[in-house]
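Letters A, B, ... mirror the listed sequences (proteins, then strands); counts begin at 1. Here the structure is a predicted model, which means the values were calculated and not measured.
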Amino acid sequence: MRLDKLIKRQHKLAQRVRIKKIHGTIQYIAGVDVAQKAELLFGCIGVFEFPSLYVVDEAFAQASSTFPYIPGFLSFREIPVIVKTYKKLRKKPDLILVDGQGIAHPRRLGLASHVGVMLGVATIGCAKSHLYGDYTVPRLGRGRYTYIRDGKKRIGIVLRTRKNVRPLFVSPGNLVDMSDCRNFVLASTTKYRIPEPLRYAHTMAREKARELGSVDRWSFYGTAARIV
DNA sequence: GCGACAG
DNA sequence: ATCTTGTCGC
């Protein structure tokens, strides 16, 4: 597969990424995640009131997976269904937590940044593991963190959201800065390692993948109904 | 050539 | 990510 074309597109889109501190109030914060079942992708978004973290809206959409998973090019696989899901939301969030990297990416365009540019919304990349950049392990305790670096450039943080639990790899997606990343990820994380909006989206996506993703039980029931 | 490698 | 039950540990 030829990726040089996609690499150029990433560099171009990366120029549209804006790293700046959030201004104004964040009333709604969302989490988006994608689950897979065979050749289908299920995107889900949960919108939470902030800082109460009450669920105020949610949406899901499905699409066939076309692009394969290739480290560094995850966004080309998930962007389609994510955009489709976002359009179905009635309450648009002021900030979205995305399951993946932000600018902590070889070309500064991880999934969160790509989503942020495409939707023109503030996003934060919240990955469960490392992809790019150098870092040292942060000391124990919720809130402790170290920077993810690319040479002398700080491109993200390795943040502990809970004590004695593996840290998260957080980085600016779009329209947020490094401090916003730490503040909002911690503010939306309660008793688990993963921020609530992301946990919600993840759970919802998996449920959709299970019920609608497997074989066509629909044709089965349809046949049964006709037989009976 | 070898190791790394989001979901 | 997905395939998958019970189980060791804070």
[N] OP1/OP2 closer than 4.0 Å to side-chain N/O of [X]:
| X | N | answer |
| --- | --- | --- |
| His202(A) | dA1(C) | yes |
| Tyr69(A) | dA6(B) | yes |
| Lys191(A) | dC10(C) | no |
| Ser129(A) | dC5(B) | no |

Think Lys208(A) forms a cation-pi with Phe42(A), using NZ or CZ under 6.0 Å from the six-ring centre and within 45 degrees of its axis?
-> no

**Request:** Identify whether NZ of Lys or CZ of Arg in Arg199(A) sits under 6.0 Å from the centre of the six-membered ring of Tyr192(A) and within 45° of that ring's axis.
**Result:**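 Yes.
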
Go through [options] for me and flag the one nearest to the [X] side chain.
| X | options | answer |
| --- | --- | --- |
| Leu74(A) | dC5(B), dC3(C), dA6(B) | dA6(B) |
| Pro71(A) | dC3(C), dA1(C), dC5(B) | dC5(B) |
| Lys37(A) | dA6(B), dG7(B), dC3(C) | dC3(C) |

[X] [atom1] - [N] [atom2] separation (whole Å):
| X | N | atom1 | atom2 | answer |
| --- | --- | --- | --- | --- |
| Asp33(A) | dA6(B) | CG | C1' | 12 Å |
| Leu198(A) | dA6(B) | CG | P | 17 Å |
| Ile148(A) | dC5(B) | CD1 | C1' | 15 Å |
| Phe67(A) | dA6(B) | CZ | C1' | 14 Å |
| His130(A) | dG7(B) | NE2 | P | 12 Å |
| Tyr132(A) | dA6(B) | OH | C1' | 14 Å |
| Ile79(A) | dG7(B) | CD1 | P | 16 Å |
| Phe73(A) | dA1(C) | CZ | C1' | 18 Å |

Under 4.0 angstrom, heavy atoms only, what part of the nucleic acid is [X] near: base, sugar-phosphate, or nothing?
| X | value |
| --- | --- |
| Lys163(A) | nothing |
| Ala35(A) | sugar-phosphate |
| Phe76(A) | nothing |
| Gly125(A) | nothing |
| His105(A) | base |

**Q.** Pairwise 5' ranking along DNA chain C for Asn164(A) and Glu78(A), keeping only the more 5' one
**A.**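 The residue whose closest nucleotide sits nearer the 5' end is Glu78(A).
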
*Quick check, are the ring centers of Tyr69(A) and Phe67(A) under 6.0 angstrom apart?*
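So the answer is no for these two rings.
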
Closest heavy-atom pair, Gly43(A) versus Val81(A), reported as atoms and distance to 0.1 Å, is N-CG2, 3.6 Å

Exercise. Thinking salt bridges, do Lys128(A) and Asp99(A) make one under a 4.0 Å N-O criterion?
Worked result: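 Between Asp99(A) and Lys128(A) there is a salt bridge, with a charged N closer than 4.0 Å to a carboxylate O.
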
What orientation do Tyr135(A) and Phe169(A) show, parallel under 30°, tilted 30 to 60°, or perpendicular over 60°?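 Ring orientation of Tyr135(A) relative to Phe169(A): perpendicular.
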
